[in-house]
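Input: a single structure, listed below in structure tokens.
Small disclaimer: the values here were computed from a predicted structure and weren't measured. Keep in mind that the numbers below use all heavy atoms, side chains included, and drop hydrogens, waters and symmetry copies.
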Amino acid sequence: MKTTALIMAGGRGERFWPRSRAKLPKQFISVTGDGKTLIQHAVERISDMVAPEDVFIATGEMYYDIVREQLPDVPPQNILCEPVGRNTAPCIALGAAHIRKKYGDAIMLVLPSDHIIKYTSLFVQQLNDAAAAAEENGNLVTLGITPTYPETGYGYIQFDNAARKGRTYPVKRFVEKPDFETAQRYMESEEYLWNSGMFVWKVSSIMENLRQLMPALYEGTQRIEAAVGTAAEKEVLAREFADFPSTSIDYGVMEKAQNIYTLPGTFGWDDVGSWLALERTQKTNEFGNVISGNVVSVGSKGCILQGGKRLVAAVGISDLIVVDTEDVLLVCEKQSVSDIKKVLDTLRTCNRNEYI
């Protein structure tokens with residue numbers, strides 16, 4: 001069976017502000033030090049498994065030209081522009097509709113565009129194992145991540161570790177982001193995985209679950225699919241998509257469906273959720289600093305320092321994030337990194353949208 005991929009690239013990446021901006025969000029910038037953007041890595045790492053003509057990109061209309069520029073081998077008709085943001089369930093339904101229109105049925109990998117995977121060969125091996133499991137009995141397969149510390153910023157997947165089936169395990173339930181004590185208990189039990197937001201299934205399997213569990217979304221998707229390739233495609237897409245609920249695929253399908261399986265992943269995954277991810281994905285110097293760009297550091301420790309055109313001179317500072325761009329300078333205590341989004345809220349309130 002043909003293997004396809006839907007890369008979800010509609011996010012705004014606000015926790016990576018001010019490098020990530022509304023006009024050029026996180027998935028379209030490089031944070032790995034090699035010059036390649038996150039979405040380029042997302043497509044490249046599955047290239048041995050999925051041909052470029054079988055990769056579909058779901059993104060916002062304003063990012064169409066950026067996707068064309070960064071992914072020239074992906075056919076223009078495979079760039080699916082969502083008229084409005086409606087969370088992951090409508091996004092995935094739209095991708096499934098286009099794949100079904102083109103191929104009838106296929107294996108569908110659903111992958112975020114803004115993750116880092118350190119061990120590509122292990123990742124592809126797990127995707128192949130997941131694809132094999134997805135071909136059986138309409139299974140819906142999710143890739144979980146074996147936790148390495150009690151993270152409170154991720155959702156978790158509880159799985160039945162005594163009922164292994166091939167390389168997969170039945171999923172008992174999905175749980176929301178826990179407090180620290182609960183996360184520690186999850187980790188110690190060895191029955192929980194981080195929810196990575198990566199899925200593998202047959203198009204026919206996810207469509208049947210949408211039909212049963214989200215019938216209004218399914219019916220609208222049917223109308224979009226019928227219009228694909230016609231003069232009315234854009235009009236139908238805009239009309240139907242605007243009426244879709246803003247619902248995650250976890251809440252709309254995965255928490256309610258049958259035949260849900262997971263594979264515990266150990267392939268060096270990071271969701272690059274904030275500036276602190278650079279300490280996990282890049283090398284620190286002997287003083288614990290992560291430095292890039294036009295920076296001089298004297299006596300500074302445990303900092304993330306991102307220079308731009310101007311020289312950033314960091315003297316005797318500790319545990320700070322400093323990011324210099326053409327029009328914004330961010331100075332933030334590492335422990336306050338989650339408050340960056342409050343800056344954006346303030347800018348919106350003050351109608352200073354040119355900085356967002």
Side-chain angles (χ1 to χ4, degrees), residues 6 8 10-11 58 82 85-97 107-112 115 126-127 129-131 133-147 150-165 167-179 182-183 185-187 189-221 241 243-265 269 271 273:
L6 175 69
M8 298 183 291
E82 300 169 293
R86 285 292 183 265
N87 216 317
T88 54
C91 171
I92 288 168
L94 177 63
I107 291 292
M108 179 180 179
L109 315 179
V110 179
L111 306 170
H115 292 180
Q126 288 221 279
L127 285 177
D129 290 340
E135 288 200 54
E136 300 179 15
N137 305 320
N139 293 337
L140 305 181
V141 184
T142 180
L143 271 61
I145 307 298
T146 303
E151 172 62 55
T152 59
Y154 301 148
Y156 282 70
I157 302 166
Q158 185 183 22
F159 67 103
D160 187 346
N161 60 10
R164 180 172 173 172
K165 183 179 180 182
R167 295 186 180 275
T168 65
Y169 297 84
V171 170
K172 289 184 175 181
R173 62 177 181 140
F174 291 81
V175 294
E176 297 299 320
K177 299 173 183 178
D179 58 29
T182 304
R185 190 168 67 250
Y186 286 169
M187 183 176 171
S189 74
E190 299 184 351
E191 293 182 356
Y192 289 83
L193 305 170
W194 290 336
N195 186 353
S196 72
M198 295 186 281
F199 308 98
V200 182
W201 44 51
K202 290 189 296 186
V203 171
S204 56
S205 301
I206 190 59
M207 282 298 205
E208 177 58 21
N209 277 278
L210 289 171
R211 187 188 69 79
Q212 292 181 19
L213 301 171
M214 302 187 72
L217 173 60
Y218 177 77
E219 290 167 9
T221 302
F241 217 83
D243 288 338
F244 287 161
S246 183
T247 305
S248 72
I249 197 69
D250 285 343
Y251 180 78
V253 174
M254 301 301 284
E255 293 178 7
K256 304 166 186 175
Q258 305 297 314
N259 294 337
I260 309 294
Y261 290 87
T262 190
L263 278 82
W269 172 87
D271 77 336

Legend entry - Tyr154: partners by ring pair (Phe, Tyr, Trp, His ring centres under 6.0 Å), with sequence neighbours left out: Trp194, Trp269
Inset, instruction - Show your working on side-chain contact (heavy atoms from CB on, under 4.5 Å) between Ser205 and Leu140 and close with a plain yes or no. - result: CA-CA 7 Å; Ser205 301; Leu140 305 181; 3.9 Å; yes
Legend entry - Under the side-chain hydrogen bond (donor to acceptor under 3.5 Å, both in side chains) test, residues paired with Glu151 that sit two or more places apart: Tyr149
Inset, instruction - Of all the heavy-atom pairs spanning Thr168 and Ala133, show the shortest one and how long it is. - result: CG2-CB, 3.7 Å
Legend entry - Heavy-atom closest pair, residues Lys202 and Glu135: NZ-O, 3.7 Å
Legend entry - Ile157 CD1 to Thr142 OG1 distance, which is reported to the nearest 0.5 Å: 4.0 Å
Inset, instruction - Calculate, to the nearest 0.5 Å, the distance between atoms CG and CD belonging to Asn87 and Glu82 respectively. - result: 9.5 Å
Inset, instruction - Search all heavy atoms of Ser196 against all heavy atoms of Ile145 and return the closest pair with its distance. - result: CB-CG1, 3.8 Å
Inset, instruction - Find the distance between CE (Met214) and CZ (Phe244) and round it off to the nearest 0.5 Å. - result: 9.0 Å
Inset, instruction - If a pair satisfies side chain to side chain donor-acceptor pair (under 3.5 Å) and one of its residues is in residues 255-264, list it, with sequence neighbours excluded. - result: none
Inset, instruction - Sequence neighbours left out, what passes side-chain hydrogen bond (donor to acceptor under 3.5 Å, both in side chains) with Glu191? Give chain and number order. - result: Gln158
Legend entry - Donor-acceptor pair, side chain of Asn209 and main chain of Ala257, under 3.5 angstrom: no
Inset, instruction - Measure the spacing between CG of Leu6 and CG of Leu111 and express it to the nearest 0.5 Å. - result: 8.0 Å
Inset, instruction - Would you check if Tyr192 and Arg173 make a side-chain contact, meaning some heavy-atom pair closer than 4.5 Å? - result: yes
Inset, instruction - Could you walk me through whether Leu127 and Met198 pass the side-chain contact (heavy atoms from CB on, under 4.5 Å) test, one step at a time? - result: CA-CA 10 Å; Leu127 285 177; Met198 295 186 281; 5.9 Å; no
Inset, instruction - Name all residues meeting the salt bridge (charged side-chain N to carboxylate O under 4.0 Å, His left out) criterion together with Arg211; count only those two or more places apart in sequence or in a different chain, and write none if there are none. - result: Glu208
Inset, instruction - Answer yes or no: is there a side-chain heavy-atom contact under 4.5 Å between Thr88 and Phe199? - result: no
Legend entry - Set of residues satisfying side chain to side chain contact (heavy atoms under 4.5 Å, CB included) with respect to Ala163, sequence neighbours excluded: Asp160, Pro170
Legend entry - Atom of Met207, atom of Thr221 and distance for their closest heavy-atom approach: CE-CG2, 3.9 Å
Legend entry - Ala130: partners by side chain to side chain contact (heavy atoms under 4.5 Å, CB included), with sequence neighbours left out: Val141, Leu143, Val200, Leu263
Inset, instruction - Please list, chain by chain and in numerical order, all residues satisfying ring pair (Phe, Tyr, Trp, His ring centres under 6.0 Å) with Phe174, sequence neighbours excluded. - result: none
Inset, instruction - Please round to the nearest 0.5 Å and tell me the distance separating atom CD1 of Ile260 and atom CH2 of Trp201. - result: 8.0 Å
Legend entry - For Asp129, all residues meeting salt bridge (charged side-chain N to carboxylate O under 4.0 Å, His left out), sequence neighbours excluded: Arg167
Can you list, pair by pair, the side-chain donor-acceptor contacts under 3.5 Å of residues 246-253, counting residues two or more places apart and other chains?
unit_1: Ser248; atom_1: OG; unit_2: Tyr251; atom_2: N; d: 3.1
unit_1: Asp250; atom_1: OD2; unit_2: Asn195; atom_2: ND2; d: 3.0

Legend entry - Set of side chain to side chain contact (heavy atoms under 4.5 Å, CB included) partners for Ala183, sequence neighbours left out: Pro150, Thr152, Tyr156, Pro178
Legend entry - Partner set under side-chain hydrogen bond (donor to acceptor under 3.5 Å, both in side chains) for Asn137, not counting sequence neighbours: none
